[in-house]
There are 2 protein chains.
Amino acid sequence: MQNDTAKIDKLPGKRVTNQRRLLINILKQANRHLDADELFSRAKLQEPHISLSTVYRNLRLFKDLGVITERHFIEEHHHYEVRLKADHHHLICVECGRVVEFDSDQIAQIAKKIGREQDFDVTDSDLHIEGYCPRCKKLGKNKDQ
Amino acid sequence: MQNDTAKIDKLPGKRVTNQRRLLINILKQANRHLDADELFSRAKLQEPHISLSTVYRNLRLFKDLGVITERHFIEEHHHYEVRLKADHHHLICVECGRVVEFDSDQIAQIAKKIGREQDFDVTDSDLHIEGYCPRCKKLGKNKDQ
DNA sequence: CTGCCTGCAAATCTTTTGCACCGAT
DNA sequence: ATCGGTGCAAAAGATTTGCAGGCAG
């Protein structure tokens, strides 16, 4: 269950560089999903010489290793988060972009069941719910633009 | 319930151009999710002069009108599909990218319940399940690369 | 040492924008 | 006739790649 952490601390078959350790730590500590550029900015605070290509190269590596998950919400680019639990889900405000995460065993079970019906080996599931958050719906979601 | 279709046939407050009609029709008839470039290629077959900017401009318009939904699966760019039903869900093969769509009232109910708990006005939900499809898991998902 | 990883710069790919003309209403 | 929509080209943004030098194993 904490294999992920092991994978993070010692990337299997790959070299552990300062840049990689730093990037993983930032991702782990981030309380929100980061995009490549945000990750780059935060990394530069500690390692001013780090380059954006290193960030992209390692995001791809981490993703391939299954250490992080790539998400696409309402904004234009990808966001990344460390995979802490097997599955967790998202409630996204289409107005302000706020993301609320939650768990649900029930959903995981449904996902497994559907996988079985379609003969898929399920590795991950994400119930992505869109709507208006309390604040935005109060401010009136019906005014044009 | 078929307001979407009405919206497509007569874009409210917007001009109905050949390009728009064409793009909507291609999206409606596509049996898979299209990205901007695929949509552009198909449109060019019927309207060789259409430009990619027109495709992007109208994808944005359709999305704002709620006529299409933007998705991001495992590939790099956005994919679009016409919203036929209120909610439908996706099973995606992480190896070959195949997408299986399915319905589930149960999921819609869960989404509503969670929305209620978090005081969100839910407008859409998508259970996004990843895994290996029958073919890919047979070919051996464990080989490197 | 050796080869993987990095920084830098340039290349590529995706999406947006400015502008003059065109066509739906 | 008006003004929103279009095509084209150029700009802006996001991501990838080539290369020479650096450092983890």
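Chain naming here is simple, since letters A, B, ... match the order of the sequence lines and numbering starts at 1 in each.
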Check whether Lys137(B) reaches the backbone of Gly131(B) with its side chain - one donor and one acceptor, N or O, closer than 3.5 Å.
no
Of the listed nucleotides (dT17(C), dG7(D), dC5(C)), which one gets closest to any side-chain atom of Ser53(B)?
dT17(C)
Whole Å only: how far is the CD atom of Glu70(B) from the C1' atom of dT14(C)?
12 Å
Given atom CG of Leu52(A) and atom C1' of dA9(C), what is their separation to the nearest angstrom?
13 Å
Using the closest heavy atom to pick a nucleotide of DNA chain D for each, name whichever of His49(B) or Asn18(A) lands nearer the 5' end.
His49(B)
Listed nucleotide nearest any side-chain atom of Ala36(B), set dT15(C), dG7(D), dT6(C):
dT15(C)
Looking only at side-chain N and O atoms, does Arg20(A) come under 4.0 Å of OP1 or OP2 in dC5(C)?
yes
Just how far, in rounded Å, is C1' of dT6(C) from CZ of Phe40(A)?
13 Å
base_contact_polar (dG4(D) base, Arg57(B) side chain, donor-acceptor, <3.5 Å):
no
Side chain of Arg15(B), heavy atoms from C-beta onward: which of dG5(D), dC5(C), dC8(D) has the nearest atom to it?
dG5(D)
Looking at CG of Asp126(B) and OG1 of Thr69(B), how far apart are the two atoms once the value is rounded to the nearest 0.5 Å?
8.5 Å
Flag if over 12 foreign heavy atoms under 6.0 Å of CG, Asp64(B)
yes
Rounded interatomic separation in angstrom, taking CG from Asn58(A) and P from dC4(C):
15 Å
Measure from CG on Asp64(A) to P on dT15(D) and round the result to the nearest Å.
15 Å
What's the shortest heavy-atom distance between Ala43(A) and Leu23(A), and which atoms?
CB-CD2, 3.9 Å
Could you give the CZ-to-C1' distance, from Arg60(A) to dT15(D), as a whole number of Å?
9 Å
Does the side chain of Gln19(B) get closer than 4.0 angstrom to OP1 or OP2 of dG23(C) through an N or O atom?
no
Tell me the interatomic distance from Ile50(B), atom CD1, to dG5(D), atom C1', rounded to whole angstroms.
11 Å
Write down the distance between OH (Tyr56(B)) and C1' (dG5(D)), rounded to a whole number of angstrom.
19 Å
Out of Glu70(B), Glu38(B), His90(B), which one pairs with His33(B) under the side chain to side chain contact (heavy atoms under 4.5 Å, CB included) rule?
His90(B)
